[in-house]
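Structure record follows, encoded as C-alpha cells.
All ligand and atom numbering here is 1-based and tracks the order in the structure.
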Amino acid sequence: MNQPAVTTPATQDFKVADLSLADWGRREIRIAETEMPALMTIREQYRESRPLAGARITGCIHMTIQTAVLIETLIDLGASVRWSSCNIFSTQDHAAAAIAAAGIPVFAWKGETEEEFWWCIEQTVAGPDGWAPNLVLDDGGDLTLLLHEKRPELLDAIHGISEETTTGVHRLQEMLRGGSLRVPAINVNDAVTKSKNDNKYGCRHSLNDAIKRATDHLLAGKQALVVGYGDVGKGSAASLRQEGMIVKVAEIDPLCAMQACMDGYEVVSPYVDGENLGLDSIDRGLLARIDLVVTCTGNIGACDAAMLQTLKPGAVVCNIGHFDSEIDTGYMRRHWHWEEVKPQVHKVYRDSKPDEFDPASRDYLILLSEGRLVNLGNATGHPSRVMDGSFANQVLAQMHLYQGRFAELPAEEKTAALTVSVLPRHLDEEVARYMVEGFGGVITRMTEAQVDYTGVPADGPYKPDDYRY
Ligand code: NAD
Ligand code: ADE
C-alpha cells in the first residue's frame, strides 16, 4: 500500500509546483535510498555523532529525487538547509514536493523563468528567525556568485563552499586567481568518485534517455557529432554508440582527441582543416550528414551560428554541458522561428523569420531544452547509483569545511586557508569502497609480501596524488 508523505508543512516556507505530488516523490525517494549505498552508509556512520549539528547549509543543485536523498542525509547529520535548483528546467516537481512536505524549505519548480530562478536562490540565503547560512553547497557557481556580488556581508559567517561541477570549479579557480574568492572551497568534481563516475557513466546513462524521451526518434544507424571529449564527452559518445549511432567526435585538445581515436571514434572538425574562420570555413559535406549534435565542452560557441546554418535539415541539437552558452541559441532566436512542440522541445525553422513560418517546411532543427543541459531538461538526469558517489563526496566535503571553521579563524590565518582543493584521496577511496560493496563487489586485499614489494599501504592510498584514473 502507498505510504503518505511524512508531514504536512506548518508554514509555507517553500515554493514548489504542486504539493500534492509529495507522496509520489516520497515513494521514489525511498527507492533511491536503496540505490545510494555510499550515502546511506555515511548516514548510518555519522548519525549519532551529528557532525553537522549547527551547520546551516544553503544548497543549489538540480532538485531531483537523488538530491532529496542528499538533503535528508545532511539533515540527518544535524544540518538545517534551504534549497534551490541550479537550472530552470531540471527540477523534478514530485521530488521538490516531497521535500517541502517534509518541512524543508525548498524553492524550485520545472520551468522557472530566469527571474524566478534568481528569486529562488535568494530565498535560500536568508530564512525566518534570522536564519543565515554558514556553509554553501553549489553546482555551477550561481549561488556562489550571488553571495559574492549581491550579499557579500553573508560571507563573513561562511566556512566554505563545496562545488559539484567542472564549470563551477573553473569559476572558483578564476575567482581565487583574481583575488575575489572570500571563502575556501572543496572541488567535489575532481574526486575520482565524482568526475570519473558521474560525468562519464552518468551521461552514458542519461543522454540517450533524454533524446529518446524528447523526440521518440530511432537513433541507430544515424550520425552523431559529439563536441568535446572530456569526461562528459566520453560518456555521451558511449551513450550514443550503445544506441547504435555512428559517432564522430570534435576536440581542440590533442590528448582527448587521441583518446577518442583509441576508443574507435572518428575525430572530425566542423571546420575545414580545423580552422574556424566563420561560415566559409564550415565542412559542409560533414555537417550535411549529421543527424544529431551534442555539445559537452563547458565552452562558448561549441555549436556556433555557422554550424547551425549548415547542419542537415531535421537534425537534433542539444547540449549536456552546464550552461546554455555552448549552442548559439541567441542567433537562433534573432533569426529563426521557434515552434514549441512540447515543453523543452522546439522546432526551429531556418527558412522563416521569427513569427512567420510555414508548418510544411522541412528546413528546421529540433532544439532540446533551449540549449540547456539536456539530460536534466528532457529526462531525469543521472541515476541514483551514479549520484551516490557525487553526493557522498558532497556530504564529506560539507563535514570537512564545517570542521575547518574558516569563518572563526583569526584574520592572519585566513589567507593561507583560502584554497580550492580536492578532498584527501583516502576519502575518495572510502566512497568507492562503499559503492563497490553496494554492487556486491569484493575488493582484494594485498598480502604482506605484496605490500613490501610495491610499497603501497594495504589500507591505501593506493595511487600517488597525480595518478590519472
Ligand atoms: P572536461 O574539461 O573534462 O571536458 C571538456 C572538453 O571539451 C575538453 O576535453 C576540451 O578540450 C573540450 N573542448 C573545449 N572547447 C571545445 C571546442 N570548442 N570544440 C571541441 N572541444 C572543446 O569537462 P567535463 O567534466 O567533461 O564537463 C563538460 C561540461 O559538462 C561542463 O560544463 C560541466 O560542468 C558539465 N557537466 C554536466 C553534467 C550533466 O549531468 N549534464 C555532468 C557533469 C558535468
Ligand atoms: N546531475 C546529473 N544528474 C543529476 C541528478 N539526478 N540529480 C542531481 N544532479 C544531477
Classify the contact between His382 and ligand 2 as side chain, backbone, both or neither, using a heavy-atom distance cut-off of under 4.0 Å.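 Under 4.0 Å from ligand 2, His382 contributes backbone and side-chain atoms.
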Element-labelled atoms of ligand 2 that are located less than 4.0 Å from some non-hydrogen atom of [X]:
| X | value |
| --- | --- |
| Phe391 | 8 (C) |
| Met387 | 1 (N), 3 (N), 4 (C), 5 (C), 6 (N), 8 (C), 9 (N), 10 (C) |
| Thr67 | 7 (N), 8 (C) |

Just by modelled atom types, is the Thr329 backbone N or O under 3.5 Å from a matching donor or acceptor in the Arg334 side chain?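 No.
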Ring-plane angle category for His322 and His62, please: parallel below 30°, perpendicular beyond 60°, tilted otherwise.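 Because their plane-to-plane angle lies in the 30° to 60° range, the rings of His322 and His62 count as tilted.
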Basic-acidic side-chain contact under 4.0 Å: Lys312, Asp291: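 A salt bridge links Lys312 with Asp291.
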Is Asp190 paired with Lys194 through a side-chain N to carboxylate O contact shorter than 4.0 Å?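 Looking at Asp190 together with Lys194, the answer is no, because their closest N to O distance does not fall below 4.0 Å.
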Does some side-chain heavy atom of Tyr331 sit less than 4.5 Å from a side-chain heavy atom of Trp336?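 A side-chain contact under 4.5 Å exists here.
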Non-hydrogen atoms of Thr380 versus ligand 2: any pair closer than 4.0 Å?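 So Thr380 counts as touching ligand 2.
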For Ile88 and Thr113, which heavy atoms make the closest approach, and how far apart are they?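 Closest approach of Ile88 to Thr113, heavy atoms only: CG2-O, 4.0 Å.
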Taking all non-hydrogen atoms of both residues, which atom of Ala101 and which atom of Leu19 are closest, and how far apart?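 Distance-wise, the nearest heavy atoms are N-CD1, 4.0 Å.
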From Met63 atom CE to Gln92 atom CD, the distance as rounded to the nearest 0.5 Å: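 Separation between the atoms: 8.0 Å.
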Polar contact flag, side-chain donor to acceptor under 3.5 angstrom, Ser239-Ser236: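 No donor-acceptor contact under 3.5 Å links the two side chains.
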Looking at ligand 2, does any of its N/O atoms fall within less than 3.5 Å of an N/O of Asp198?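 In fact, backbone or side chain, Asp198 has no N or O that close.
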Do any N/O atoms on Gln66 end up under 3.5 angstrom from N/O atoms on ligand 2?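 Looking only at distances, the answer is yes, because the N/O contact criterion of under 3.5 Å is met.
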Under a 4.0 Å heavy-atom cut-off, which residues neighbour ligand 1?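 Those residues closer than 4.0 Å to ligand 1 by some heavy atom are Thr165, Thr166, Thr167, Lys194, Asp198, Asn199, Val227, Gly228, Gly230, Asp231, Val232, Ala250, Glu251, Ile252, Asp253, Cys256, Cys296, Thr297, Gly298, Asn299, Ile320, Gly321, His322, Leu373, Asn375, His382.
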All N/O donor-acceptor pairs, side-chain side in residues 367-375, below 3.5 Å, sequence neighbours left out:
unit_1, atom_1, unit_2, atom_2, d
Ser369, OG, Asn378, OD1, 2.6
Glu370, OE1, Arg333, NH2, 3.0
Arg372, NH1, Glu114, OE2, 3.2
Arg372, NH2, Glu114, OE2, 3.1
Arg372, NH2, Asp324, OD2, 3.4
Asn375, ND2, Ser206, OG, 3.1

Compare Thr165, Leu376, Thr64, Val386 and give the one whose heavy atom is closest to atom 1 (N) of ligand 2.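 Among Thr165, Leu376, Thr64, Val386, the closest heavy atom to atom 1 (N) of ligand 2 belongs to Leu376.
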